[in-house]
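Some notes on the structure that comes next.
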Amino acid sequence: MNETRRTDAILQPEELKPAFELVNQAVEQLDRVLLGRSELHRMVMVAILSRGHVLLEGLPGVGKTALVKALGQILDLEFKRVQFTPDLMPGDILGTHILQEGGDGGREMKFHSGPVFTNLLLADEINRASPKTQSALLEAMQEHAVTLLGTTRSLPNPFFVLASQNPIELEGTYPLPEAQLDRFLFKLVVDNVDVEVLDRIISTRRRGEAPAPEWKMDAAGLNLIFSAMDAVYLPAPVSRYISRLVAATHPSSTEATEPVRLYVSYGASPRAAIAIAEAARGYALVQGRPTVGFEDVKAVTPSVLNHRLVLSYKARLDRVDSFGMIAGLLSTLDETGLNLPSDIEIVGVSRQ
Amino acid sequence: MMTDTPTPPFEREVNRLVFKLRLLTGVSASLTAATFSLFVLGLIVLILRAVTHGTNRQLMMLGLIPVFASALAGILYAQRRAPGSKAVRALLDRQNRCGGLLMAAAQTDLGKWRESIPALVQPRLRWHGRRRMVLFSVAVLFVAACFIAPVQLGAAGPDQLLDIGKESQQIAGDIEILKNEEIIDQSRVESLEKELASIQSDAKGEDPAKTWEALDHLNGDLSDTAAAAAEKMAQTSEALGKAEALAKALAEGGSAMDSKLATEAMKELSQLASDAASAGALSKDGVSEDTLAALKSGSLSSKQLKELASALGSRKGELAKSLGTLREANLIDLRTYKKCEGAGGVDSEGLAAFLAENAENMPVADAMSLWGKGGISRGRGDAPMTWSDGTREDGARFKTQVIPPSVVADLKDSQLVGRGVGAPSIQRGGPATSGALNGAASGGGSAFTQTILPRHKGTVKRYFER
């Protein structure tokens, strides 16, 4: 797909179909490996299509690590895992220089790359590491590069960080800094599965071991879905809606809702608007559509915004969470921006 | 890249909804603008009517032009404010779950996706315009009221003329009536009209009390003139009535009178008729020259007497008609009218009988003045009294009043001492035979002077300490 194609035309059905099938197949494989997580798998796939990083939050044992492992296998990408602990140092992630004796007898500082040099990095229990170590990922996540001793080294393409974290309420955890949170496209909450799924897991899987994926996506397939993703069309009204939505998360905005004014200290950044637009494109592709609709935006917005809103202490006292606030925004804000006079009302679809 | 293809159905639906929304927005905005303009126009009309004393209504109607202009401006404003096709397209896309295809169609060529856009269904629009309509109706009524309301409702300035047209017209009419009834002469008419014109020209808002006072004065002057004329008419009518009655008495019973009485009566009639003629009450049109000559000579025949009586009666009728005209014009009050209306009613037969009875004792002129005023003709002093019907209680209402049973209050404190079949014997109350008040007489103030024995002091003390 060339640049002109991206801006002027939309994918035709025959162009969209192969990419849609590949994405669907990947999601199906994930569903097969991990039971009862269809919507989560879909959102992870959207994040991959959007080339974004994902923060998975959930209690231990709900399948976060297994999901990332399965994803690495299905996408056939290089996969590395770092278990974050309080004594983990930045060098343990990025790599370090070691003084080594060369063949000619001279000594030189040789760079030994860390686990970050991979396609798919699983940062397990990321909130158990100290802020210093957490911050080591900032450049890698945003610039897809690592700078050490004045030398910048690019990371492999594609590069995804899929981090898991325990809920903040648990002991021995460090909350992620806002700057790092903002670099995650999604924060997905991994809940416990219901009884039916649990029953299926223990009755079909010995020791809970997930089966290996039956299908893998090759590099060409990956390029194809990324190309298709780039060609998903974002209409102007939808783009406008995303902008208004993000602006409305700021208490000073004219379109901010009452809960936002009361409980939000800082709204979402422009990066959030970009993230929503990209994620909505990915969601449209997963749905098999060449254009982004309002419903795509609504589907991805909670996952994009929930970790980006900085709530006040009053919100904590009143037990108000960001998900409720985002839901209120989505239901209040008119997507179309019709701005009709108060005496004209659209009551529904008339069947003539 | 847009291809040159005919307008697809979904584009027509988009345009249709855009038109509907613009129409509704336009109506709503124009109603608001027109309502505001109408209220402003009403206020301006009220002020102008007060300032210009109610003139130039046609000119004020031109004020409706800005109302239409503002309504038009409202429509134009609404067209700018109404949702554009982009927003409407977004609305239809959302309502019909097009997934962004309809929105993208405005920006790019959909290619094969064009066929996958479903048949669009229009959303239902509801206009809550009742409040605006009510306000608009109120504004229209307000403007109408401002055009129709009497100008007096507006405040009159010091330099403005006072509207006394109605009052002036009434006074002019009264002057005309007095002139027609020959109560006032031409010079008086001119004087009154001049005075009225002067009041009209001096009627200014600066001092309305002065104008109203002058009008009241003129009105009172006319009423006084009319009342005096009515009084004179009553007197004339009275005199004419007597003359008429005498003429009839002579015409009908003259042959039965002795010659002396007839001569005296004729002479009296001649005098009365001459007085009436000199006062202008007897016109020559109704009486022939022969009759007038015979009247002077006192030799009226029976026929001439009847002719004279008829002429006198006719003149009396004219006076009664004039009285009625004055009353109709409210120039005289009802009391004066009733008083004058009854004047001149004379019983000719009674007069003839009275003259026959009393003419020997007094001259006819005296008898004429006494007749009708009571006197010995009513009978002797021991004549039985006549009573009219007694008072009737029909329709009368009496106020019910409860009389307090004073006796019962006395009996309340009485004691039964016994029952007997014989007549009750009265026993005088004597002094008490026991107790602290032994020997005290009731009502005699003995309680204050009675000596209390020492053995009773403790009891009395305890009573007051309780």
Side-chain angles (χ1 to χ4, degrees), chain A residues 4-17 20 231-242 244 277 280-281 283-299 330-331 333-352, chain B residues 1-2 13 16-17 20-29 31-32 78 81-117 119-133:
Chain A
T4 313
R5 174 68 181 276
R6 255 178 248 161
T7 52
D8 291 340
I10 64 172
L11 281 172
Q12 290 305 301
E14 65 274 11
E15 294 170 312
L16 180 71
K17 195 178 173 187
F20 171 61
V232 172
Y233 198 89
L234 182 71
V238 180
S239 160
R240 179 79 182 166
Y241 173 54
I242 294 168
R244 287 170 53 223
R281 277 194 171 99
Y283 199 86
L285 182 58
V286 169
Q287 299 291 326
R289 280 190 278 104
T291 52
V292 179
F294 295 120
E295 60 273 25
D296 301 320
V297 175
K298 287 188 167 186
L330 290 174
S331 61
L333 204 64
D334 177 32
E335 308 96 307
T336 60
L338 271 176
N339 198 18
L340 286 173
S342 58
D343 55 344
I344 298 174
E345 185 193 4
I346 294 168
V347 288
V349 176
S350 63
R351 302 283 169 196
Q352 295 168 357
Chain B
M1 199 184 342
M2 300 291 288
E13 292 297 327
R16 212 175 118 207
L17 186 56
K20 277 161 77 176
L21 281 171
R22 284 191 176 169
L23 183 69
L24 269 183
T25 317
V27 169
S28 180
L31 264 182
T32 307
R81 194 168 165 256
S85 64
K86 201 184 278 183
V88 171
R89 195 179 284 272
L91 171 70
L92 282 172
D93 189 297
R94 185 190 66 182
Q95 297 271 22
N96 291 277
R97 299 179 180 281
C98 297
L101 277 175
L102 189 59
M103 290 183 275
Q107 297 171 264
T108 186
D109 182 20
L110 293 181
K112 292 176 185 172
W113 290 108
R114 183 190 293 261
E115 291 155 16
S116 60
I117 292 181
L120 297 184
V121 180
Q122 293 275 342
R124 215 146 32 90
L125 302 176
R126 183 178 292 165
W127 182 47
H128 302 282
R130 183 179 293 175
R131 188 164 159 266
R132 283 180 206 270
M133 288 299 290

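First the proteins, then the strands, lettered A, B, ... as listed; each starts at 1.
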Where on L110(B) is there a heavy atom nearer than 4.5 Å to chain A: the side chain, the backbone, both, or neither?
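It is both, since atoms from each part get that close.
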Contacting moiety of R132(B), where chain A heavy atoms sit under 4.5 Å:
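R132(B) touches chain A through side-chain heavy atoms alone.
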For the residue pair [X] and [Y], establish whether any side-chain heavy-atom pair is separated by less than 4.5 Å.
X       : Y       : answer
I344(A) : R126(B) : no
K112(B) : P290(A) : no
R124(B) : I346(A) : no
Y233(A) : Q107(B) : yes
V88(B)  : T336(A) : no

Measure the [atom1]-[atom2] distance between [X] and [Y] for me, rounded to the nearest 0.5 Å.
X       : Y       : atom1 : atom2 : value
F294(A) : R97(B)  : CZ    : CZ    : 13.0 Å
D343(A) : T25(B)  : CG    : OG1   : 8.0 Å
Q12(A)  : D109(B) : CD    : CG    : 7.5 Å
L340(A) : L24(B)  : CG    : CG    : 9.0 Å

Taking NZ, NE, NH1 and NH2 as the nitrogens, is one of them in R94(B) or D334(A) under 4.0 Å from a carboxylate oxygen of the other?
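Yes, charged N to carboxylate O under 4.0 Å.
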Minimum-distance pair of heavy atoms, taken over all atoms of [X] and [Y]:
X       : Y       : result
A90(B)  : P237(A) : CB-CB, 3.9 Å
G337(A) : A87(B)  : O-CB, 4.3 Å
G99(B)  : R289(A) : O-NH1, 3.5 Å

Relative to chain B, which segment of E14(A) carries a heavy atom at a distance below 4.5 Å: side chain, backbone, both, or neither?
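Only the side chain of E14(A) comes within 4.5 Å of chain B.
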In terms of heavy-atom proximity below 4.5 Å to chain B, should E345(A) be classed as side chain, backbone, both, or neither?
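E345(A) touches chain B through backbone and side-chain heavy atoms alike.
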For R244(A), look at atom CZ and say whether over 12 heavy atoms of other residues, nucleotides or ligands are found less than 6.0 Å away.
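Atom CZ in R244(A) is crowded, with more than 12 foreign heavy atoms closer than 6.0 Å.
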Spell out, as yes or no, whether a donor-acceptor pair under 3.5 Å connects the side chain of W113(B) to the backbone of T291(A).
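A pair under 3.5 Å: no.
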